[in-house]
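These notes are about the structure you will find just below.
Order of the sequence lines fixes the chain letters, A, B, ..., with proteins taken first and strands second; residue numbering starts at 1 for each chain. Values in this document were obtained by computation on a predicted structure and should not be read as measured data.
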Amino acid sequence: YLYNNRYFGDQVFRIIPSSDAEVQAVKQLFQNLTVDLWQPNSASMIQENSTVDVHVGRNKTQWLRRHLHQAHIQSEVLISNLQTEIERQIGYRSSRKRR
Amino acid sequence: SEIQYDYEVYHPLEEIQSWMFEMNRTHPHLVDLFSIGQSYEGRPLYVLQLGKRTRRFKKAVWIDCGVHAREWIGPAFCQWFVKEALNSYQHDSSIRRLMNQLDFYIMPVFNVDGYHYSWKTDRFWRKTRSKIPKYHCRGVDANRNWKVKWCDEGASLHPCDETYCGPFPESEPEVKAVAKFLRKHRKRVKAYISIHAYAQMLLYPYSYKYATIPNFNCVESAAQNAVSALYSAYGVRYRYGPASTTLYVSSGSSIDWAYKNGIPYAFAFELRDTGYFGFLLPEELINPTCTETMRAVKTIASGLLKKC
């Protein structure tokens, strides 16, 4: 496995905060959670009705899903297993092509 | 040789560097490889100069890729651009005209340390790999480290943040080396293009404030023509406009620095996609993504040969 399988079970969430209150709630959630923001590049840039893509470690996916649900914040899972996508991006095809 | 090199797979740093030497070796009349310095970890910062050799004055275009390590489609595009330019020179009159009348400086991997690290250790690494005294976190956002409104809104003072602006402007050897090169060649460089991902946008200054640049009409129409050309390939729509309003406010960015230093056309491309794959754009999409972007970049370059 690439990267020692470190991304197994990690997920990418897409969150679209629809009000300023939701923006603040999302920023608060990210302060309690070490996340890797894909878009925008920092929590300070999160805005109302703008897309937030965030990579979350496997141990925190349930926590984040539960808290988003409790706060009635709309979200979806863009990538449900990051390791699979990583392997698909470079692992399988290019190593076969290189061989 | 060039025939075996597969432009439709992602390549690690060492393969890209070998490929650059091969381009230099096999196209001596159109290519010149040189280094503009070393990275924080001591890796060479290679640039390919493309264009027909001539004694007379030639305008120039700078294109860098891989400022942010995890945005792998960037370096893939820079390689694609070189391949298209060299392979089409004989039979494509538009490319031949561009290569005869312009010089292209292509930096396939700007953030060599970060790119290497994203292959070996952390696929989603973004920043450089410099150490920050008294902090365990590493790295500076190379697109917040330029000497223009440095560390103002849209950048972070905290070393552990992804948009950390660095201890001081041009603290990163990679940024310092490119800035030095562009300052030295500023009379000839008329377009600065930085390739990023993802969002499908074409951005121009200002990033650090909501204001219109003096040559807005020319830059806006160049951007409009570029996204139209891009759209003509596969119908992919790009938003375009000032970075501050189209994306968000950020300070210390390379396009603002380039513009402030006299380069009239400064653009940042955010390539495919809009988040379905994000940074993990599959290799099957390298071809269409680079094909459409090539059209946009050629349109920008062609615009330099006309009066605006």
Measuring from atom CG of A:Asp36 to atom CH2 of B:Trp125, what distance do you get when rounded to the nearest 0.5 angstrom? 10.5 Å
In terms of heavy-atom pairs under 4.5 Å with chain B, the winner among A:Ser50, A:Ala43, A:Pro40 is A:Pro40
Is it true that atom CZ of B:Arg237 has more than 12 heavy atoms of other residues, nucleotides or ligands lying nearer than 6.0 Å? no
Checking B:Thr274 against chain A: side chain, backbone, both or neither under 4.5 Å from a heavy atom? backbone
On a heavy-atom basis, which atom in A:Ser42 and which in B:Thr163 lie closest, and how many Å separate them? CB-OG1, 3.7 Å
Find the distance between CG (A:Asn41) and NE2 (B:His68) and round it off to the nearest 0.5 Å. 6.5 Å
Give, for atom CZ of B:Phe277 and atom CD of A:Glu85, the distance between the pair rounded to the nearest 0.5 Å. 6.0 Å
Pairwise distance CD1(A:Ile86) to CZ(B:Phe279) - rounded to 0.5 angstrom: 12.0 Å
Can you tell me which portion of B:Asp141 sits under 4.5 Å from chain A's heavy atoms? Options are side chain, backbone, both or neither. neither
B:Glu162 and A:Leu37, any side-chain heavy atoms less than 4.5 Å apart: no
More than 12 heavy atoms of other residues, nucleotides or ligands under 6.0 Å from NZ of A:Lys27: yes or no? yes
Take a 6.0 Å sphere around OH of B:Tyr276 and say whether it holds more than 12 heavy atoms from other residues, nucleotides or ligands. no
Heavy-atom closest pair, residues B:Pro282 and A:Gln89: CA-CG, 4.5 Å
Toward chain A, the part of B:Phe124 with a non-hydrogen atom under 4.5 Å: both
How long is the span from the CE atom in A:Met45 to the CG atom in B:Leu247, to the nearest 0.5 Å? 8.0 Å
Checking side chain to side chain contact (heavy atoms under 4.5 Å, CB included) for the pair A:Arg6/B:Thr121: CA distance, chi angles, key distance, verdict? CA-CA 10 Å; A:Arg6 71 181 271 189; B:Thr121 308; 4.2 Å; yes
For the atom pair CD (A:Gln83) and CZ (B:Arg123), what is the distance rounded to the nearest 0.5 Å? 11.5 Å
Is a side-chain donor or acceptor of A:Tyr3 paired with a backbone partner of B:Ser118 at a separation under 3.5 angstrom? yes
